[in-house]
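Chain letters run A, B, ... following the sequence lines, proteins first and then strands; every chain starts at 1.
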Number of protein chains: 2
Amino acid sequence: MKRISIKDVAKEAGVSASTVSYVLNDTPTESISEETRKRVIAAVQKLEYVPNLNARSLSSRHSNLIGVLIPQTEPGKEFMFSNPFYGELLSSIEYTARQNGYHLLLSGTQEDQCYLNIAQNRGVDGIIIVGTYPGENLNALKRAGVPIVLVDSYVKDPDFHTIGIEDKEGARMATRYLIEKGHRRIAFISGSIREYGVNIKRYQGYCDALKEAGLAVEESAVYSGTVDYEYGLAAAVLYAERGRKQTAAFVTADVISMGFVKGLTQQGIGVPDDISIVSFDDVYLANMAYPSLTTVHQDIGEKGRKAVELVLEAAKAKEHQHTECILPLHLVERDSVREWREPT
Amino acid sequence: MKRISIKDVAKEAGVSASTVSYVLNDTPTESISEETRKRVIAAVQKLEYVPNLNARSLSSRHSNLIGVLIPQTEPGKEFMFSNPFYGELLSSIEYTARQNGYHLLLSGTQEDQCYLNIAQNRGVDGIIIVGTYPGENLNALKRAGVPIVLVDSYVKDPDFHTIGIEDKEGARMATRYLIEKGHRRIAFISGSIREYGVNIKRYQGYCDALKEAGLAVEESAVYSGTVDYEYGLAAAVLYAERGRKQTAAFVTADVISMGFVKGLTQQGIGVPDDISIVSFDDVYLANMAYPSLTTVHQDIGEKGRKAVELVLEAAKAKEHQHTECILPLHLVERDSVREWREPT
DNA sequence: CATATTAACTTAAACGTTTCAGTAATTAAA
DNA sequence: TTTAATTACTGAAACGTTTAAGTTAATATG
C-alpha cells in the first residue's frame, strides 16, 4: 500500500518531478511540449497518481481549504444544528466552495473555546465564522493572516469582513405588519439579547415599530431565552402564566416559533385565532409548519454564497480591503397571522 | 506577518528543533528534563507559536482529520441537508470528532463525482461516507489506505466498516403497527428503491408485514420518488389522483411525511382522520409537526458517535478488522395514526 | 556568422514538521 | 574500576510538493 508520489510519475514518464508538477498545475510561466505533456498525463493515469495536498499546501502556502466555524449553542448540546438555519447555510457554503474547488474544514465552537487551531495551523485560505462573536480570541484570530468573514455578527472591526442582513429593519417590518393587522399588544420572543448579536438589533427594530405607532414597549411582553425549539415551548408556558396579555408575537427565529406554536397548542391556545405570530428566517421549516409561518424571509443560500465569495476574493487580493455586505429581507405572508379587532 | 516555526521556538529556548517537537508531542520514548521542558513551553508562549499541521501531517502521516462525505441528493439542488437527518447526523459526528481532537473535512458528493480528492490526498485519517454507495469509485477508495465507514449503505465488502440500523425490521414494525390499528390498505411512500440503499430494505419490511397479515402488496400503493419535502407534496397529489385507496401510509422518511401531510391538508384530506401515517427517522422535525408524527425512532446521535468511534478505532488498529454495527429501532407513538374500522 | 532569445526541460532549495540514529555525560551494574 | 545502561539531548534525513534558478539545444535577430 505504498503511496505513489510525484517522483514515481516522473520516473514512469521519464522526466523530472518538476516537469510533472508543471504539467499538473498548468503553470503558465513554464512551457511544456505537447509530447511530454501527454507522456506525463499517461503516467499519472497509469499509476492512478493523486497529489498529496498536504505537501502542496506546505510548499505553496495555500490549501484550497476554507475553515468554517459554527456555534454550538449550548455547552452540552450535541446538536449544534438544532436550528435548521445552520444546516441550510452550511449547505450553501459547502456547495459554493466545492464549485470553486475548495473543501471545508468544519468545526463547532463553544463560546470560550479557542478557535486558533483550525484557524492558524491547518493553513486554511480563509475562515467563515457564523453567528458568534469571537470575543477575546479576536486578536489571536487576526494573526492567522488569512481573510476572515463574520456572518451575522455586529463586531465592527476593519480587519474582518462581514456579511449580514437588515436585522433591525426586518424586525421593524414584522412588527409593523402586526400593527397594521390591528394588533396593539405584541410580544417579543427571541434568543439572548446581547451585544454584537443579531437579536439586539431585532429588538431595536421591534421597539422602533412600536414607538412609531405610539405604542409602549412593555417589559412583560419581552421573552428572551435561547434560540431553539425548547425555548419556544417554555415561552408558551410563560405566556400563559403571564395572563395571555398579547394578541400577537414577533418571534426572532422560526425554530423558536415552532416550539412556541406547539406549546400554545398544548394549552389550547390557537394560532392564529388566539394569537398571531410573525417569525424570522424563513427556513425550510417555516413553510412545513402548521399553521405555516408568516415570516421575514432571508436568502440563506445567498448568504452562504456571498460568504464564500468574500473569502475567496479576499484571499486573492494582495491588499486587505474591508468589505461589508448587507442582504435585503422581505416578509412572506402565510397562515400564522390574522386581523385583530379590539373587542369593544 | 512571518509565520513562526519550530525553529524560532528552538532558537528562543536555546535547544534544537527536535527537542521542541518532543516537548510539544510528549513523545513517550524520549526523555526531556523538567528544566528544558519549561524553557520550551515558555518560548512557545512568548512567541505564540502554533504548529503547522500540514507539515506535521506530511511528516507523521496522520492528520487528526476525518473526511465526511454527505450526498447531495439532487444535482442542481444546493441544499444537500434539506433532509434534516443529515444535519443532525453531521452535528453528532462533528461533536464526537472534536471531543477526540479531530476536525472534519466536509464535502458533499454527487453520484458520479470522484471522491478521491478528499479521500486520498488530504491525508485524512479516515472517511465517513453517508447514505450513498460508492459505486465505481469503490475500488479507488480502498487504495486510499485509510479506514472507511459506510453509514446507511448495504454495500457488502469486508474492506469497509458499516454502521446502520435494522431498516427491514423497522419498516416491518411500522407496517405491522398500522395493521394492528385495523388498517388493511397501506401505502408505501419512499425515496428511490435501489440496490445497496436503505429503502429497498424498508420496502422488504413493508412487504413482509403485509404478507404476514395475509395482505397483498399492491403496485398502485407504492410511491417511490426522492427523499425530500417536495416529493411528499407530489405523493399527496398522486394519492388523490389514484382515488385515495389507502387508509394509511408508511412513509420512509419524516421529511417526506411533512410534505405528504401538507399536500393532503391542501386537498382537504385530514391526518389522521382520513389517512394515518407512520413515518421513519424521528428527526427533530417529527415532533414539531402537526400532527406530530408517529414514527420509527432511530438514535441519530448514537449513529454519528459510533461512526466516529469506528473510524478512530480502525485508524489505531494495525490489522484491518471488518466491523459491522447495527443500531436498534423502536416506534414512537404520536398523533398521526388512528384506529381504523372498515365501514360495513 | 556571432549573438540574443526562446523553448523545454532539470536541479536543488524550500516549506515545517517528525523521527531515527547518534553522542556525550551521568548513573548503575559487575 | 571498567563496562553497561540510562538520561538528555542534537543532527540530519524524510515526508511530497512547488518554484526560482540554471542548463541545454534550437531558433531568431542583427
Side-chain angles (χ1 to χ4, degrees), chain A residues 1-40 43-44 47-65 117 120-125 144-145, chain B residues 1-40 43-44 47-65 117 120-125 144-145:
Chain A
M1 196 70 86
K2 199 197 151 286
R3 250 199 142 291
I4 288 162
S5 85
I6 201 169
K7 284 176 192 163
D8 302 309
V9 178
K11 194 173 288 174
E12 173 74 27
V15 295
S16 73
S18 21
T19 303
V20 177
S21 173
Y22 290 137
V23 170
L24 258 37
N25 296 313
D26 265 326
T27 315
T29 56
E30 217 69 15
S31 49
I32 304 287
S33 77
E34 206 42 49
E35 204 240 334
T36 5
R37 185 180 299 274
K38 274 186 188 140
R39 272 216 321 285
V40 169
V44 164
L47 301 179
E48 291 180 305
Y49 164 72
V50 189
N52 179 324
L53 295 194
N54 277 127
R56 179 175 287 179
S57 302
L58 186 59
S59 183
S60 69
R61 28 250 329 224
H62 64 90
S63 57
N64 276 36
L65 222 48
N117 287 353
Q120 297 192 331
N121 54 12
R122 292 281 185 196
V124 296
D125 294 341
Chain B
M1 196 69 85
K2 200 196 151 287
R3 251 199 139 290
I4 289 163
S5 86
I6 200 169
K7 283 175 193 164
D8 301 310
V9 177
K11 193 173 292 175
E12 174 73 28
V15 295
S16 73
S18 16
T19 303
V20 176
S21 173
Y22 291 137
V23 169
L24 257 37
N25 296 314
D26 265 326
T27 314
T29 58
E30 217 67 18
S31 48
I32 303 287
S33 77
E34 205 43 49
E35 203 241 333
T36 3
R37 185 180 298 275
K38 274 187 187 140
R39 271 217 320 284
V40 169
V44 164
L47 300 179
E48 290 179 306
Y49 165 72
V50 189
N52 178 326
L53 295 194
N54 277 125
R56 177 175 289 178
S57 303
L58 185 59
S59 181
S60 69
R61 30 248 330 220
H62 64 91
S63 57
N64 276 38
L65 223 47
N117 287 352
Q120 297 192 329
N121 55 12
R122 292 282 185 195
V124 296
D125 293 341

According to the salt bridge (Lys or Arg N to Asp or Glu O under 4.0 Å) rule, which pairs have a member within residues 53-65 of chain A, sequence neighbours left out?
-> none
Among residues two or more places apart or on two chains, list those pairs meeting salt bridge (Lys or Arg N to Asp or Glu O under 4.0 Å) that have a residue in residues 15-24 of chain A.
-> none
Please tabulate, for side-chain N and O atoms in residues 13-28 of chain A, each donor-acceptor pair with protein atoms closer than 3.5 Å (sequence neighbours left out).
| unit_1 | atom_1 | unit_2 | atom_2 | d |
| --- | --- | --- | --- | --- |
| A:Ser16 | OG | A:Ser18 | OG | 3.1 |
| A:Ser16 | OG | A:Thr19 | N | 3.4 |
| A:Ser16 | OG | A:Thr19 | OG1 | 3.1 |
| A:Ser21 | OG | A:Asn25 | ND2 | 3.3 |
| A:Asn25 | ND2 | A:Ser21 | O | 3.0 |
| A:Asp26 | OD1 | A:Arg37 | NH1 | 3.1 |

Base, sugar-phosphate alone, or nothing: which one does B:Thr36 contact when heavy atoms must sit under 4.0 Å apart?
-> sugar-phosphate
Hey, which of these two, A:Gly14 or A:Ser31, hits DNA chain C nearer its 5' end, going by closest nucleotide?
-> A:Ser31
Quick one, give me the B/S/- string for nucleotides 17-23 of chain C, reading 5' to 3', where B means a protein heavy atom under 4.0 Å from the base and S means that only happens at the primed atoms, P, OP1 or OP2.
-> BBBB---
Boundaries of the chain B footprint along DNA chain D (any atom under 4.0 Å from a heavy atom) | D:dT7 to D:dG16
Between NZ on residue B:Lys38 and CD1 on residue B:Ile32, distance to nearest 0.5 Å | 14.5 Å
Where do A:Asn64 and A:Asp125 come nearest, in terms of heavy atoms and distance?
-> N-OD2, 2.7 Å
Taken to the nearest whole Å, CD/A:Glu34 to C1'/C:dC9 is 15 Å
Nearest-0.5 Å distance that lies between atom OG in B:Ser59 and atom NE2 in B:His62 = 9.0 Å
Hey, what do you get for CG (A:Asn54) to OG (B:Ser60), rounding to the nearest 0.5 Å?
-> 9.5 Å
Exercise: identify the closest heavy-atom pair between B:Tyr49 and B:Ile4 = CD1-O, 3.4 Å
Quick one: pull up OG in B:Ser5 and NZ in B:Lys11 and give me the separation to the nearest 0.5 Å.
-> 8.5 Å
Taking B:Ser63 for its side chain and B:Gly123 for its backbone only, find out whether a donor-acceptor pair lies under 3.5 Å.
-> yes
To the nearest 10 degrees, what angle separates the axes at the start and end of the helix from C:dC1-D:dG30 to C:dA30-D:dT1, five pairs each?
-> 40°
